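The next block holds one structure in the form of structure tokens; read it before the comments.
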Amino acid sequence: MSISTNLTTLKSKLPKDVKLVAVSKTKPITDLQEAYDAGQRIFGENKIQEMTDKWERLPKDIEWHMIGHIQTNKVKYMAPYVSLIHAVDSLKLLKEINKQAAKNDRIINCLLQLKIAKEESKFGLIASDLKEILDSDTFKKFEYIKVVGLMGMATFTDNENQVKNEFLILKNLFDQLKNTQTTNFKLETLSMGMSGDYPLAIECGSNMIRVGSAIFGARNYN
Ligand SMILES: *Cc1c(COP(=O)(O)O)cnc(C)c1O
């Protein structure tokens with residue numbers, strides 16, 4: 001199957017209000033160009049250097065989403081162009097994003113990553129950390145970031161019930177916090193679901209899915 005066929009088939013199955021982030025990490029420019037030619041405009045990467053190389057070489061109407069865990073000292077490289085940062089998991093990182101956004105005279109949209117999986121390997125905040133951040137005076141003073149949603153990754157397992165429960169925990173938190181709105185906090189995006197679990201994620205209320213291998217094929221890590 002070709003990338004464009006995979007994309008078209010996938011998109012035909014998605015509800016209109018669900019945005020598709022095509023996760024192109026490790027894939028060559030030619031693969032991204034093929035997806036672009038098939039109409040895809042949102043791409044997700046997990047390494048800042050790789051995303052910046054691709055941003056330089058591809059059309060400028062692409063929205064670049066950083067979906068991976070971020071090192072604070074690299075935020076400056078993506079601050080001029082990144083559209084959405086999915087995996088923000090500390091006040092320290094928010095502070096750096098705010099600083100770099102200010103330098104570029106723009107507001108950077110962020111999602112806060114919640115830890116919903118039972119696996120130790122997954123990053124993210126727990127609900128009490130999240131509330132602590134939102135209530136802090138430091139957060140309230142950030143003028144160059146906007147938290148527009150939440151992101152989460154379910155446990156990698158065949159147990160659908162477990163995955164569903166984890167997605168629903170995030171959806172519940174999202175619904176609770178949706179009523180709270182300030183100048184730098186307004187929840188609209190719920191980023192959950194990947195190639196293996198996006199139908200379930202959508203069923204559980206996701207409106208942004210991050211799909212890689214189901215579009216571009218399996219990844220080779222060298
Ligand atoms: C790689 C990655 C994806 C996409 O994974 P696939 O299983 O290939 O769809 C989604 N989200 C994050 C955070 C990722 O790192």
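Model, not experiment: these values are computed from the prediction. Just so you know, ligand 1 is whichever comes first in the structure, and atom 1 is the first atom listed for that ligand.
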Review point. For atom 6 (P) of ligand 1, which of Gly68, Ser195, Ala214 has the closest heavy atom?
Key: Ser195
**Study point:** Numbered atoms of ligand 1 (with element) below 4.0 Å of Met153, judged on heavy atoms
**Key:** 13 (C)
Check your understanding: Looking at Arg210, which atoms of ligand 1 are within less than 4.0 Å of one of its heavy atoms?
Key -> 4 (C), 9 (O), 10 (C), 11 (N), 12 (C), 13 (C)
Check your understanding: Does at least one non-hydrogen atom of His86 fall below 4.0 angstrom from an atom of ligand 1?
Key -> no
Review point. If every non-hydrogen atom of Lys27 is compared with every non-hydrogen atom of Leu32, which pair is closest and at what distance?
Key: O-CD1, 3.7 Å
Check your understanding: For Val211, is the nearest heavy atom under 4.0 Å from an atom of ligand 1?
Key -> yes
Check your understanding: Are Ser191 and Arg210 close enough that a side-chain donor and a side-chain acceptor fall under 3.5 Å?
Key -> yes
Exercise for review: May I ask you to decide whether Glu96 forms a salt bridge with Lys92, counting only side-chain N to carboxylate O separations under 4.0 Å?
Suggested key: no
Exercise for review: Tell me yes or no: between the side chains of Thr182 and Asn184, is some donor less than 3.5 Å from an acceptor?
Suggested key: yes
Practice item. Tell me yes or no: between the side chains of Lys11 and Gln40, is some donor less than 3.5 Å from an acceptor? Key: yes
**Study point:** Gln33 and Asp37 side chains, donor-acceptor separation under 3.5 Å
**Key:** yes
**Study point:** Atoms of ligand 1 close to Gly212 [distance to a heavy atom under 4.0 angstrom, numbered from 1]
**Key:** 4 (C), 6 (P), 8 (O), 9 (O)
Point to revise | ligand 1 contact on Asn46 by region, counting heavy-atom pairs under 4.0 Å | key: neither
